Amino acid sequence: MYIFPERTVDERMKKRAIPRHIGIIMDGNGRWAEMRGLPRFEGHKRGVQRVKEIVEVSSNIGVEVLSLYAFSIENWMRPVDEVSVIIGLLEKSLKGEFLNFMKEGVRFKVIGNRDKLPENIKSIIETTEHVTENNKGLILQCAISYGGRDEIIRAIRKAINQDLSPEDITEDSISRLLDTAGIPDPDLIIRTSGEQRLSNFLLWQSAYSEFYFTDTLWPDFTKEELLEAIHEYQMRDRRFGKVAIQKGLNIGVGSAF
């Protein structure tokens, strides 16, 4: 396991809370390849290599959950050849990283609409989840064939099937029906490639998340920039709807902020 030197994880970072849950929208693989005159699948291959590094870094610094937006439900509409490459890379990555998951104590979990996945991919996912479910390290939550709206719709259908009464419909009851049940909401969501939107990622769960947007394309997103994103997160004042006076600050009661 990679160990960061003291100059990388400085005292300022260690004195402040590391986000429990980080979500990353890994955007820009195709553009990275096109900018270099390469076919788009080369960008996806490079992106997979970047995932391994970011997972290791997150585990080392004490992140509890890392959620990666690997393949959206809308991505099924991409050209068939590109979809085939992405699905093939997912299969290869899961098979190749299995031993590392066990060695590093990573618990693997997939969120998304599995009905759309090929049977071989579903089988690999289910096996990996089962075998790693008792691991005590980082929870690696991959969003595959995932869409936030689709997830909420599926949760509502579960509520109907369970005959929940209107009085039983609460934030907690809905949260327990989502793919992310039992997982804390993301503290920090990072999006690469310069886009500044969620693109249907963890819509319910991100209500109070902090956001970090970067122009860096995903294949170029380094561990140093991850640490920079975390440091920026640590500098923010998270109020969760409270006013500053409730946090002991000297602001007049009549303040509009």
Side-chain angles (χ1 to χ4, degrees), residues 1-5 8-9 18-19 21-72 75 78 82-83 85-101 103-104 106-112 125 128 137-146 186 188-196 198-199 201-202 211-233:
M1 182 181 290
Y2 183 86
I3 304 299
F4 285 103
T8 303
V9 182
I18 296 292
H21 182 178
I22 297 176
I24 304 181
I25 302 171
M26 305 179 296
D27 196 15
N29 291 333
R31 275 173 284 169
W32 182 91
E34 290 171 350
M35 288 170 60
R36 290 160 176 77
L38 300 171
R40 288 177 61 87
F41 71 81
E42 291 294 342
H44 295 303
K45 287 182 178 179
R46 179 65 177 264
V48 169
Q49 296 173 9
R50 185 62 64 197
V51 166
K52 184 175 181 180
E53 177 183 13
I54 297 303
V55 169
E56 290 177 352
V57 173
S58 300
S59 178
N60 284 342
I61 63 176
V63 174
E64 296 178 22
V65 184
L66 178 65
S67 293
L68 301 178
Y69 204 5
F71 187 80
S72 76
N75 286 159
R78 289 190 177 188
E82 183 172 355
V83 171
V85 167
I86 295 173
I87 295 299
L89 285 171
L90 286 171
E91 180 179 9
K92 183 178 179 180
S93 298
L94 288 175
K95 289 179 177 178
E97 290 302 312
F98 178 78
L99 292 178
N100 283 334
F101 289 162
K103 179 181 177 182
E104 303 297 339
V106 171
R107 177 185 162 195
F108 181 75
K109 175 180 171 59
V110 164
I111 58 174
I125 288 171
T128 307
L138 174 78
I139 297 174
L140 175 59
Q141 183 170 252
C142 288
I144 300 174
S145 187
Y146 175 86
L188 171 65
I189 291 180
I190 298 168
R191 178 161 188 160
T192 61
S193 87
E195 305 294 349
Q196 297 188 20
L198 277 174
S199 293
F201 181 57
L202 298 179
F211 295 90
Y212 177 89
F213 298 109
T214 174
D215 291 334
T216 303
L217 302 176
W218 174 248
D220 291 329
F221 187 81
T222 63
K223 56 182 177 287
E224 287 79 16
E225 186 158 7
L226 173 65
L227 294 175
E228 177 60 32
I230 292 172
H231 183 64
E232 182 174 313
Y233 160 86

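None of the values given here were measured: they were computed from a predicted structure.
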Practice prompt. Apply the test side-chain hydrogen bond (donor to acceptor under 3.5 Å, both in side chains) to residues Ser193 and Glu195: give CA-CA distance (whole Å), side-chain angles for both, the deciding distance (0.1 Å), then the verdict.
Written response: CA-CA 6 Å; Ser193 87; Glu195 305 294 349; 5.0 Å; no
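- The CD1 atom of Ile87 lies 9.0 Å from the CG atom of Asn75; values are rounded to the nearest 0.5 Å.
- Taken to the nearest 0.5 Å, the OG atom of Ser93 stands 11.5 Å off from the CD1 atom of Ile86.
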Discussion item. Could you walk me through whether Leu90 and Ile125 satisfy the side-chain contact (heavy atoms from CB on, under 4.5 Å) test, starting with their C-alpha distance in whole Å, then the side-chain angles of each, then the deciding distance to 0.1 Å, before giving a yes or no?
Written reply: CA-CA 10 Å; Leu90 286 171; Ile125 288 171; over 6 Å; no
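- Within the 4.5 Å cutoff, the side chain of Leu226 has heavy atoms near those of the Ile190 side chain.
- Side-chain contact between Val55 and Asn100: absent, with no pair of heavy atoms (C-beta onward) separated by less than 4.5 Å.
- Among all heavy-atom pairs drawn from Gly23 and Pro186, the shortest one is N-CB, 4.5 Å.
- Annotation: side-chain contact (heavy atoms from CB on, under 4.5 Å) contacts of Glu53 (sequence neighbours excluded): Arg50, Val57, Lys223.
- With sequence neighbours excluded, the residues satisfying side-chain contact (heavy atoms from CB on, under 4.5 Å) with Val85 are Phe41, Leu89.
- Summarising the geometry of Leu66 relative to Ser58, their closest heavy-atom pair is CD2-OG, 3.8 Å, with the distance given to 0.1 Å.
- A salt bridge links Glu91 and Lys95; the closest N-O separation between the charged side-chain nitrogens and carboxylate oxygens is under 4.0 Å.
- Two residues are said to be in side-chain contact when any heavy atoms from C-beta on lie closer than 4.5 Å; Thr192 and Asp220 fail this criterion.
- Proximity of Ile111 to Leu202: side-chain heavy atoms (C-beta onward) are separated by under 4.5 Å at one or more points.
- For the residue pair Gly194 and Asp215, the shortest heavy atom distance occurs at CA-OD1, 3.3 Å.
- Using a 4.5 Å cut-off on side-chain heavy atoms (C-beta onward), Val51 and Glu97 make no contact.
- Side-chain contact check for Trp218 versus Asp27: every heavy-atom pair is 4.5 Å or farther apart.
- In this structure, Phe71 and Arg78 have side chains that are not in contact, with every pair of non-hydrogen atoms separated by 4.5 Å or more.
- Taking both residues in full, the closest heavy atoms of Pro219 and Gly43 are given as CG-O, 3.9 Å, listed atom of the first, atom of the second, then distance.
- Nearest heavy-atom pair across Arg40 and Arg31 is NH1-N, 4.3 Å.
- Between atom OG1 of residue Thr128 and atom CG of residue Leu94 there is a gap of 5.5 Å, rounded to the nearest 0.5 Å.
- Contacts of Trp32 classified as ring-ring contact (aromatic ring centres under 6.0 Å, His included), with partners at least two apart in sequence or in another chain: none.
- Smallest separation of non-hydrogen atoms from Ile230 and Pro19: CG2-CD, 3.7 Å.
- In this pair, Phe201 and Tyr146 present their aromatic rings perpendicular. The plane angle is above 60°, beyond the 30 to 60° band.
- Between the CG atom of Asn60 and the CD atom of Glu56 there is a distance of 7.0 Å, given to the nearest 0.5 Å.
- Annotation: the span from Leu217 atom CG to Met26 atom CE amounts to 13.5 Å, rounded to 0.5 Å.
- Atom OG of residue Ser59 and atom CD1 of residue Ile139 lie 11.5 Å apart, to the nearest 0.5 angstrom.
- Two residues are said to be in side-chain contact when any heavy atoms from C-beta on lie closer than 4.5 Å; His21 and Gln141 meet this criterion.
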